[in-house]
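What follows is a single structure, written as structure tokens, with notes after it.
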Amino acid sequence: MDFRLTDEQKMMIATARAVGDRFGLEYWRKQDAAKAFPKDYWRAVCDAGLCGAALPAEHGGSGLGMLDLALAVEHLAATGGGSTVGQLFMINPIFGGVAISRFGSDAMRGELLPKIISGEINCCMALTEPDAGTNTLELRTTAVPDGDGWRLSGRKIWITGVESAEKMLVIARTRKLAEASSRTDGLTMFMIDVRREGLSHTPIDKLGTCTLDSSSVFFDNVRVGPHELIGTLHKGWRELLDVLNTERIVTTAGLVGTGELALKLAVQYANDRKVFGERPISSYQGLQFPLAQCHAEIEAARLLNYKAATNFDMGLPFGSEANAAKLLAAQAVARVTERAMQTMGGMGYAKEFHVERLWRDCRLFRFAPVSEEMILNYIANHDLQMPRAY
């Protein structure tokens, strides 16, 4: 194993840091308060070539790997954006870019990938449903044949980035469960326009990740054309898993960067703060040890995520590593943001010191995009060969 970064990777990290520093913490505080999509930031990320790091060169990407993308995400997150940066990469180069580059038609790749990579368009994915959250195989949204296309009907919930998106990756049942050969049979992916007759959405007011909206989405007999099919009709389950497992990698990278940033803010504050005499409060082990423990846990999540990304790039199985890294990162970052706030005392509760935003935003990832309980189920079933418990 070689943990040394290449010169190209070091340059990518430097670029990510430069872009992130150009905006900084105050930019994100204002965007959060306004509940506004970070449009200027995302365009700068795309202009720097970071959005397309792992997407094909023939369509404007860099043709690099998932490890390179993870490096860019974690360093962008560490300069101010926090875990929301992982979501930006999730909805665009993953839900849009990976889905299209791996499973889209040549025409779809030629039309949409350059626009995604340049930041001209944004994407989102409509998967989760009110009665089928993590139990995707029970989703009820249907796409019924209509001429050479389909008619889409159903409801999705907690869909990220709909208001700013032009394209939506939709997962629907194209074969009734009663007629399917298995529970995984009959699921299909489509890439459709967000602004289309019969498609509507309403926002969900929420605690954090305020720069990216979350919505309920409704499909009322929405027309889907044959050119909007992604992957294999009725056989989209395995293809969807490829998209979801790469989603884990960028999510974890955003969390790792968040943990690094929260530790930095906590240590800076503790080094400057003097309460009992001339010694900084950072000299007390009661503050040192919890932050040191968090640092160790963040580093463990970082390295496991690198393994997942490297396995993906080498064509090896990576689902177990990707899920376990996300589990560790979400739990560790929940602790580090909490400890950072505790280190700062009352000022950790103040918006001007930024940690409260990091804390609010990262809490989402204990249960999304997959809950820690479902990851533990996965580990027990797939890695430990224990009986299925659900």
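Side chains are part of it too, since the values below use all heavy atoms of this structure and drop only hydrogens, waters and symmetry mates.
Pairs of residues two or more places apart, or lying in two chains, never qualify as ring pair (Phe, Tyr, Trp, His ring centres under 6.0 Å) while including a residue from residues 96-121. Sorted by first and then second residue, the pairs that involve residues 56-70 and meet side-chain hydrogen bond (donor to acceptor under 3.5 Å, both in side chains), not counting sequence neighbours, are Q9-D68. Among pairs with a residue in residues 299-350, those fulfilling ring pair (Phe, Tyr, Trp, His ring centres under 6.0 Å) read F312-F318, at least two apart in sequence or across chains. Sorted by first and then second residue, the ring pair (Phe, Tyr, Trp, His ring centres under 6.0 Å) pairs with a member in residues 267-303 read Y269-F353; sequence neighbours excluded.
Hydrophobic clustering, defined by side-chain heavy atoms of Ile, Leu, Val, Met, Phe, Trp and Tyr closer than 4.5 Å, groups V162 together with W150, L152, I159, M168, V170, F190, I192, V194, L199, V217, F219, V222, V224, L229, L233.
In this view, F367 satisfies the ring-ring contact (aromatic ring centres under 6.0 Å, His included) rule with no residue, not counting sequence neighbours. For T202, there are no side-chain hydrogen bond (donor to acceptor under 3.5 Å, both in side chains) partners at least two apart in sequence or on another chain. When the salt bridge (Lys or Arg N to Asp or Glu O under 4.0 Å) test is applied to K351, the partners found at least two apart in sequence or on another chain are E356. In this view, H227 satisfies the ring-ring contact (aromatic ring centres under 6.0 Å, His included) rule with no residue, not counting sequence neighbours. Remark: W237 pairs with no residue by the ring-ring contact (aromatic ring centres under 6.0 Å, His included) rule, at least two apart or across chains. R29 pairs by the side-chain hydrogen bond (donor to acceptor under 3.5 Å, both in side chains) definition with E26, not counting sequence neighbours. The ring-ring contact (aromatic ring centres under 6.0 Å, His included) test applied to F23 returns Y27, Y41, not counting sequence neighbours.
Of the residues D32, T209, T337, the one that meets the side-chain hydrogen bond (donor to acceptor under 3.5 Å, both in side chains) test with R360 is D32.
In this structure, R140 places its CZ atom where only 12 or fewer heavy-atom neighbours from other residues, nucleotides or ligands lie under 6.0 Å away.
Using modelled atom types, one side-chain atom of E166 and one backbone atom of N122 make a donor-acceptor pair closer than 3.5 Å. Panel note: side chain K167, backbone L112; no donor-acceptor pair is recorded below 3.5 Å.
Taking both residues in full, the closest heavy atoms of A324 and I375 are given as N-CG2, 4.4 Å, listed atom of the first, atom of the second, then distance.
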